[in-house]
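Atom set for the values below is all heavy atoms of this structure, side chains included, hydrogens, waters and symmetry mates excluded.
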Amino acid sequence: QPTAQSAVQPGKDAEAAAEVRRRARLKEEAEWKKSEVARLLGEARNAMASSRYDLAAASLGVALKMDPANEEVRALGQEATRMASQRQQAAARDRDYQQWLDNGRALEAKNSYRAAAKSYRRAREYRNTDEVNRELGDINFVRFRALGSKEEKAGRLDRALDWYDQALTFRSDRALS
């Protein structure tokens, strides 16, 4: 015969079984999350080793949402974000450099030597390369040589010689013509 105590037992057994299932599900979720964070961390490390910092930052962002307390993920994510930002800034500097260099060449083709020299100097602010220094030297040579020629034609030979001397400081390997 069932007693009052045994009538309560089936409800407690159902609660205990539900708790066991809940704990098993939580344990499975925790293991999956840990495994997924480890996979994302490995993916991020590989991306960083390949200098793909944007991809690394994205993977680490997902991992951090899954495990906000993971300091390794947080630190590597900050590093990836910093490196991605540096790469973007370098790309912007490269674009600006090329824009100023191209602008200088276009101005030089129009015989706007002063403006071309200014553009070349701006390009040099972004990247001080042999290429831009050569362009700047060439444009200053042409510019000062033209000023010397103008003074020579006007009969001001001392001034012409000063301008020719200036021109030669930029390109001593060029002959005056």
Go through the steps for L147 and Y164 under the test side chain to side chain contact (heavy atoms under 4.5 Å, CB included), then give the verdict. CA-CA 8 Å; L147 290 168; Y164 289 147; over 6 Å; no
Side chain to side chain donor-acceptor pair (under 3.5 Å) between Q86 and Y53, intermediate numbers included: CA-CA 10 Å; Q86 285 179 351; Y53 304 113; over 6 Å; no
Would you please test R93 and Y97 for side chain to side chain contact (heavy atoms under 4.5 Å, CB included) and show each step? CA-CA 6 Å; R93 282 191 309 273; Y97 164 81; over 6 Å; no
Might you work through the side chain to side chain donor-acceptor pair (under 3.5 Å) test for N111 and Y113, ending with a clear yes or no? CA-CA 5 Å; N111 295 329; Y113 301 126; 2.8 Å; yes
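Formation of a donor-acceptor pair under 3.5 Å by the Y120 side chain with backbone atoms of R105 is found in this model. The backbone N or O of Q99 lies less than 3.5 Å from no partner atom in the side chain of N103, so there is not a single donor-acceptor pair. Of the possible polar contacts, one joining the R74 side chain to the P68 backbone as a donor-acceptor pair under 3.5 Å is found. For S149 (side chain) and R145 (main-chain N/O), no donor-acceptor pair under 3.5 Å exists by modelled atom type. Of the possible polar contacts, none joining the S85 side chain to the T81 backbone as a donor-acceptor pair under 3.5 Å is found.
If you chain together hydrophobic residues whose side chains sit under 4.5 Å apart, I139 and Y126 fall into the same group. Both W32 and L64 belong to a single network of hydrophobic side chains, linked directly or stepwise wherever heavy atoms of I, L, V, M, F, W or Y lie under 4.5 Å apart. Cluster annotation: M48 and L41 are assigned to the same hydrophobic cluster (Ile/Leu/Val/Met/Phe/Trp/Tyr, side-chain heavy-atom contacts under 4.5 Å, transitive). Linking Ile, Leu, Val, Met, Phe, Trp and Tyr whenever their side-chain heavy atoms come within less than 4.5 Å leaves L55 and V62 in two separate clusters. Under the 4.5 Å side-chain heavy-atom criterion for ILVMFWY residues, a single connected hydrophobic cluster contains both L136 and W100.
Two residues are said to be in side-chain contact when any heavy atoms from C-beta on lie closer than 4.5 Å; L40 and E36 meet this criterion. Counting heavy atoms from C-beta outward, T169 and F144 have side chains that stay 4.5 Å or more apart. Proximity of R87 to D54: side-chain heavy atoms (C-beta onward) are nowhere separated by under 4.5 Å. Side-chain contact between R143 and F170 is absent, with no heavy-atom pair separated by less than 4.5 Å. Inter-residue side-chain proximity for V73 and V37 is flagged as met; some heavy-atom pair is nearer than 4.5 Å.
Other residues, nucleotides and ligands place no more than 12 heavy atoms under 6.0 Å from the CZ atom of R114. For R25, the CZ atom is densely surrounded, since the number of other residues' heavy atoms within 6.0 Å is greater than 12. Residue E19 qualifies as enclosed at atom CD: its count of foreign heavy atoms under 6.0 Å is above 12.
Contact check on R134 versus E131 returns no salt bridge, with no Lys/Arg side-chain nitrogen under 4.0 Å from an Asp/Glu carboxylate oxygen. A salt bridge is defined here as a Lys NZ or Arg NE, NH1 or NH2 lying under 4.0 Å from an Asp or Glu carboxylate O, and E79 with R82 meets this definition. In this structure, R122 pairs ionically with E125, as a charged nitrogen and a carboxylate oxygen lie closer than 4.0 Å.
Atom OG of S35 sits about 9.0 Å away from atom CE of M66, to the nearest 0.5 Å. Atom-to-atom distance recorded for R159:CZ and L157:CG is 12.0 Å, nearest 0.5 angstrom.
Partners of N133 under the side chain to side chain donor-acceptor pair (under 3.5 Å) rule, at least two apart in sequence or in another chain, are R124, N128.
In plain terms, the two heavy atoms of A56 and A44 that are nearest each other are CB-O, 3.6 Å.
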